[in-house]
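Side chains included, hydrogens not; waters and symmetry mates left out as well; all remaining heavy atoms used. Predicted model only: the values in this text are computed from it and were never measured. Count residues from 1 along the sequence.
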Amino acid sequence: NIEPYIKAIDFTKVNGNMSYSPDDIKSNLNIATGLGELSICGRVENKENITMSAKSNEIDLSALIGHEKKWGKTSFDIKGDGFIEGNQLKAFGIDGILNKLTYQNYAYKNITFNTYGNGNEYSAEVEIDDSHLQLTANATTNWKSASKHIHLVAEVEQFRPHTLNLTTKHPNTNFSGDIHVGFTGKNIENLEGELCIENFRMESEKETYTQSPITFSIENEDEQKHLLFDSDFMSAEIDGTFNYTSLAGNAQMFMHQYLPNIISAPKIVSKKADELSVFVNIKDLSILEKVLELPLKMEKPGYVSTYFNSENNDLSFNASFPAIAYDQQKVKDVEVIIGQSNDSIECNVKINKEFGSTPVDIVVNATGLDDHIKTNINWSNKINDLYKGHVGINTFFTPNENYGRDISFVIDPSEVTLNDTLWNIHRSQIDITEEHIIVDNFKIENKSHHICVNGQVSDDINDSLHIDLKEIN
């Protein structure tokens, strides 16, 4: 649909000259539109040599691109040349300067670039000399060759994302650092190389944060892959015989076996088997707090360990974190174990959470098979004013042809103790469909108090939910 673009351009006036001969085509045009003015010159000599240029003192990209809130006015001066052989562009070079490029209501200044390509090798260089963004970058690749490579070097001397209106975080803060990338390989499956971030520095009026080098590398030996991430805050290692293109699908198929109506089968079932092991050692999370402003802290190191074999339908996941705090909320002795048990998928979670000054041990066990998830939740504070409980919930997912699935929660008879007072939770059921929610005998009671809920909620005004309370404050 080109109508929005025609409306954005509003009007077009063209003046200039064009000439043609079998060995020489030339054009020199000045174009005025509702978005601004543009000068374009071009020439083709001997049907093989191309030169061109485009220049505008100011043109409004926002209406043309359709993102008025993001893009704005720009000015540029671009030149290029190329070589044609057999009606194919065999080589080209483009260089120019963006005197102004407006994005997110900030006008970037002094952006220069040049590119070159010859059908096999491509290169690009960019330099930005703006008062709030100063960087240089160059890259080369030969993505059409049998043995491909990509190399990138970027040096950032100044980057102020808050001033550039890219984020509401980090006011009056400058980032700097260097990035080096070098990868080779015939395709993504045999990619090898390294990415390195060095000299990272974040400096504000209040503090300066620096980060030692961060590296990510890939090595291949026969069909074995070895991926390594290394830094002073975290290290990770992945080893195995697997394919990047089939791994997600095989993992999805693995879970589909246990919960077919919750997790659909992949559209393409891979015939390739994947086997890998993952180990992550998390030493410190201060980089998340400083750079992303996430109030997440680790008082002690933790780890994550995973093994997956799609051919044998084997999965094991283990995670342990001695102490984690998120925005003043602390949890201790966190353990997560996922694996198979008696033909079902099972997840066990243990944590210790303080409620006020009282530590409470919480244990959650969940097993899944045939669209049925059985969950048991246990907690206890192990002190005189006893606070403990056990709740069992069975969740059933039933396919529905009209809108996907219905969900039923069946609550087993359970017990909860609050301040040494025992409360009984009766067996009940809650059904959720597209048309209604049905609550059948949801009841919590002790000797002198109770809460009882029955009924149905839907768009029908005749449906009702009955709530019976006795001595409940």
Go through the side-chain N and O atoms of [X] and [Y] and say whether any donor and acceptor fall under 3.5 Å apart.
X      : Y      : result
Ser286 : Asp284 : yes
Glu346 : Asn365 : yes
Asp431 : Ser408 : yes
Asp274 : Asn250 : yes
Asn220 : Asn190 : no
Gln211 : Lys290 : no
Asn28  : Asn17  : no
Tyr307 : Glu275 : yes
Tyr116 : Asn114 : no
Asp333 : Asn352 : no
Thr215 : Asp230 : no

> In Å, rounded to the nearest 0.5 Å, how long is the span from CD1 of Ile214 to CG of Leu195?
Replying inline: 9.5 Å

> Do you know which two heavy atoms are closest between His162 and Thr168, and how far apart they sit?
Replying inline: CD2-O, 3.5 Å

>> Can you classify the ring geometry of Phe175 versus Phe159 as parallel (below 30°), tilted (30 to 60°) or perpendicular (above 60°)?
In response: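 The arrangement is tilted - the two ring planes meet at 30° to 60°.
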
> Once the angle between the rings of Phe396 and His372 is folded into 0 to 90°, is it parallel (under 30°), tilted (30 to 60°) or perpendicular (over 60°)?
Replying inline: parallel

>> When you compare the side chain of Ile50 with that of Ile84, does any pair of heavy atoms fall below 4.5 Å?
In response: yes

> Does a sphere of radius 6.0 Å around CD in Glu207 hold more than 12 heavy atoms from other residues, nucleotides or ligands, not counting ones at 6.0 Å or beyond?
Replying inline: yes

> Any chance NZ of Lys283 has more than 12 other-residue heavy atoms, nucleotides or ligands included, within less than 6.0 Å?
Replying inline: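 Yes - once you tally the heavy atoms of other residues, nucleotides and ligands closer than 6.0 Å, there are more than 12.
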
>> Go through it in stages, so that I can follow the logic: the residues are Lys26 and Glu45, the test is salt bridge (charged side-chain N to carboxylate O under 4.0 Å, His left out), and I'd like the CA-CA distance, side-chain angles, deciding distance and then a yes or no.
In response: CA-CA 9 Å; Lys26 292 189 294 184; Glu45 296 180 275; over 6 Å; no

> According to the ring-ring contact (aromatic ring centres under 6.0 Å, His included) rule, which pairs have a member within residues 224-273, sequence neighbours left out?
Replying inline: Phe242-Tyr244, Phe254-Tyr258, Phe254-Phe308

> Backbone N or O of Asn261 within a donor-acceptor pair of the Arg405 side chain at under 3.5 Å?
Replying inline: yes

>> Please evaluate residues Lys330 and Glu299 with respect to the criterion salt bridge (charged side-chain N to carboxylate O under 4.0 Å, His left out), reporting the C-alpha separation (whole Å), side-chain torsions for both, the decisive distance (0.1 Å), and the verdict.
In response: CA-CA 10 Å; Lys330 295 183 179 181; Glu299 297 179 2; 3.7 Å; yes

>> What verdict does the side chain to side chain donor-acceptor pair (under 3.5 Å) test give for Asn313 and Gln257, after you've listed the backbone C-alpha separation in whole Å, the side-chain angles of each residue and the deciding distance to 0.1 Å?
In response: CA-CA 10 Å; Asn313 284 323; Gln257 299 174 87; 3.0 Å; yes

